[in-house]
There are 2 protein chains.
Amino acid sequence: MNEMPHILVVDDHREIRAAVTRYLEKNGMRATAAQDAAEMDAKLATGHFDLIVLDVMMPGEDGLSVCRRLSGEGGTPILMLTALGQDTDRIVGLEIGADDYLPKPFNPRELLARIKAILRRAGRSEPLAGRLAGKKVRFAQWVLDSDRRVLIDGTGQETALTGADFKLLTVLLERARLVLSRDQLMDLTAGRRAPPLDRTIDNQISRLRRKIEQDPMQPRLIVTVRNGGYSLAADVEVTDG
Amino acid sequence: MNEMPHILVVDDHREIRAAVTRYLEKNGMRATAAQDAAEMDAKLATGHFDLIVLDVMMPGEDGLSVCRRLSGEGGTPILMLTALGQDTDRIVGLEIGADDYLPKPFNPRELLARIKAILRRAGRSEPLAGRLAGKKVRFAQWVLDSDRRVLIDGTGQETALTGADFKLLTVLLERARLVLSRDQLMDLTAGRRAPPLDRTIDNQISRLRRKIEQDPMQPRLIVTVRNGGYSLAADVEVTDG
DNA sequence: AAGCAGTTGATACATTCCGCGACAAAACTC
DNA sequence: GAGTTTTGTCGCGGAATGTATCAACTGCTT
C-alpha cells in the first residue's frame with residue numbers, strides 16, 4: 001500500500017469521532033469524520049474512502065440501515081461499532097454486509113488492527129485514480145506511463161492505448177497474478193454488470209493482447225483461465241514518475 | 001461461487017471439532033477437521049481449502065505460530081478462535097495475519113456469519129499457480145516456465161501446455177513424490193468433487209503424459225499407483241525467473 | 001450540420017479445450 | 001488361465017474462447 005488509506009468515521013458522539021480520527025491519523029492513515037448518515041453521504045459523494053467505521057446507534061438513519069444500503073452497492077468495506085452485548089445487532093450486521101464489528105467500548109489498538117486486517121484483505125477498493133495515478137509501472141518488457149496512458153518498450157518505442165485498453169490493463173496490473181472473472185473485470189473496468197453471454201471482455205482482451213503481447217497467438221502476459229477468467233502473469237513494479 | 005466452500009477446522013478438542021464441522025456442513029459448506037498443526041499440514045498438502053478455522057491454544061505448534069507461518073505464504077484466509085478475554089492474543093493474531101478472530105465460547109451462528117463475511121471479502125480471486133507463480137521449475141529434463149505456462153527441454157525446445165495440463169502439472173510438482181488420489185487431484189485442480197467412476201483425471205493424466213513423457217507408453221515421470229492414484233517421480237528445483 | 005477518424009460493443013463464425021462414455025489393455029485374484 | 005478390477009486412451013460433442021467484421025457512438029474538423 002503506497003498510499004495512506006482514507007477512513008471515514010461515522011459516529012454521533014463528538015468525543016468518539018475526535019478520538020478515533022486522531023488515533024488513526026497518528027498511525028499512518030487519513031481520517032475524516034461525519035456525525036450522521038446524511039453527512040456521511042455528502043462525504044462519500046465527494047471523495048474516495050477505503051473503509052467506513054460506522055456506529056450502529058445513531059439519530060436519523062441508523063447504522064444497520066446504512067450498512068444494508070451501502071453493501072448493496074458492493075463498494076467500500078464497513079466496520080461497525082456496536083453497543084456492548086448487542087449480540088443480535090452484530091450478527092445481523094455481518095449478515096447484512098458489514099465486514100467486521102467491534103463492541104464498544106473498544107481498545108483503539110484493536111480498532112487499528114481490525115482496520116488493517118480488512119484493508120489487507122480487501123486490497124481492491126481503489127478506483128484507478130488511486131494507486132497507479134501518476135506512476136510508472138514496469139512489467140515484463142514494458143513500462144506503462146499512466147499519466148500519458150502510453151506503453152514504452154525497452155527501445156523507447158511507444159504504443160498508444162485507448163481508454164478501454166488502459167483501464168483494463170490497469171485493473172490487471174493492480175491485481176497481478178490473480179485470476180479475475182469476466183464479471184469482475186466488467187465490474188472493475190466499466191462499473192456495470194455483464195449480461196450472460198456477453199463477450200465484451202473477451203474482445204477487449206483480444207485487442208489489448210494485440211498491443212502488448214509479443215506473439216498474440218500465444219499470449220504470455222495475459223493468460224486465459226478456462227472457466228475462470230484472465231490473469232496477468234508478470235511481476236509488476238511501481239515507481240514514481 | 002458455484003461450489004461449496006471448503007473449511008478446515010483445526011482444534012484439539014474432539015467435541016468442538018465435531019460440533020463445528022457438523023454445523024458448517026448443515027449450512028452449505030464442506031468441512032474437514034484436524035486436531036493439531038501436523039494434521040493440518042497434511043490436509044493442506046493434499047486438498048484445497050477456502051478458509052481455516054484455527055484454535056489458538058493447541059498442544060504442539062500453537063495457533064499464533066501456525067498463523068504466522070501460513071499468512072507469510074499469502075494463502076488461505078484464517079479465522080482464529082481465542083480463549084475468552086485473551087485481549088492480547090487476538091490483537092496479536094490480527095496483526096500477524098489472521099483475517100478475523102472469535103472469542104470462545106462462541107455462537108455457531110456468529111461463526112458462520114464471520115466465515116461468510118471473510119469468504120465474501122476474499123472473493124474467489126486466487127493466484128493461478130500458487131507458490132510457483134512466476135518461478136521456473138526444473139525437474140527431470142524439463143524446465144517449467146510458470147509465467148508463460150510452457151515447458152522447455154534441454155535444447156530450448158518449447159512445449160505448450162493447456163490450462164488443465166498446467167494446473168495438473170503444477171499440483172503434482174508442488175507435491176512431488178506424494179501419492180495423490182484421483183479425488184484429491186480433482187479437488188486440487190478443478191476444486192470439485194469427482195462423481196464415482198469419473199475418468200476425468202485419468203484422461204488428463206494421459207494427455208499430460210503425452211506431452212512430458214519421453215515414452216508415454218512407459219511413463220517415468222508420472223507414475224501410476226494402483227488403487228492409490230498418481231505420483232510425480234522426480235526431484236524438483238524451484239528457481240526465480 | 002455533415003463528414004471523418006477512432007473507439008467500443010455486438011454478432012457471427014472458427015477454433016480449441018476438456019468432460020464423458022466406450023472399449024482395450026494391463027494388473028490382480030483365485 | 002478365466003474372471004474381475006483397475007487403468008489407458010480414443011473419439012465425440014458441448015462449451016468456452018479468439019477474433020473478424022460491422023454498427024453505433026464520440027469527438028473533431030470543416
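Worth knowing before you read on, the calculation uses all heavy atoms, side chains too, and leaves out hydrogens, waters and symmetry mates.
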Salt bridge between [X] and [Y], side-chain N to carboxylate O under 4.0 Å?
| X | Y | result |
| --- | --- | --- |
| A:D50 | A:R30 | no |
| A:R177 | B:D147 | yes |
| B:D41 | B:R69 | yes |

Any side-chain heavy-atom pair of [X] and [Y] under 4.5 Å:
| X | Y | result |
| --- | --- | --- |
| B:V150 | B:F166 | no |
| A:D202 | A:R182 | yes |
| B:D235 | B:F139 | no |

Taking N and O atoms by type only, does the side chain of [X] place a donor or acceptor under 3.5 Å from a partner on the base of [N]?
| X | N | value |
| --- | --- | --- |
| A:N227 | C:dG19 | no |
| B:N203 | C:dC20 | yes |
| B:R207 | C:dG19 | yes |
| B:R209 | D:dG8 | no |
| B:D165 | C:dC18 | no |

Exercise for review: Might you work through the side-chain contact (heavy atoms from CB on, under 4.5 Å) test for B:R209 and B:T224, ending with a clear yes or no?
Suggested key: CA-CA 11 Å; B:R209 275 176 174 159; B:T224 302; 2.7 Å; yes

Specify the separation, in whole Å, of atom [atom1] of [X] and atom [atom2] of [N].
| X | N | atom1 | atom2 | answer |
| --- | --- | --- | --- | --- |
| B:F166 | C:dC18 | CZ | P | 13 Å |
| B:I222 | D:dG8 | CD1 | P | 10 Å |
| B:L197 | D:dT5 | CG | P | 12 Å |
| B:D202 | C:dC20 | CG | C1' | 12 Å |

Of all the nucleotides listed ([options]), which has the minimum atom distance to the side chain of [X]?
| X | options | value |
| --- | --- | --- |
| A:Y230 | D:dT9, D:dT17, D:dG8 | D:dT17 |
| A:R199 | C:dG19, C:dA12, D:dA20 | C:dA12 |
| B:R192 | D:dT19, D:dC10, C:dC20 | C:dC20 |
| A:R226 | C:dG19, C:dG9, C:dC17 | C:dC17 |

OP1 or OP2 of [N] less than 4.0 angstrom from a side-chain nitrogen or oxygen of [X], does that happen here?
| X | N | result |
| --- | --- | --- |
| B:T162 | C:dC18 | yes |
| A:T200 | C:dG9 | no |
| B:T224 | D:dT6 | no |

Check your understanding: Which residue, A:M186 or A:K211, contacts DNA chain C at a nucleotide closer to its 5' end, judged by nearest heavy atom?
Key ->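 Looking at DNA chain C, the more 5' nearest nucleotide goes with A:K211.
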
Review point. Does anything in residues 170-184 of chain B reach DNA chain C, meaning a heavy atom under 4.0 Å, and if so which residues?
Key: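 The stretch gives none, as no residue of it lies under 4.0 Å from the strand.
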
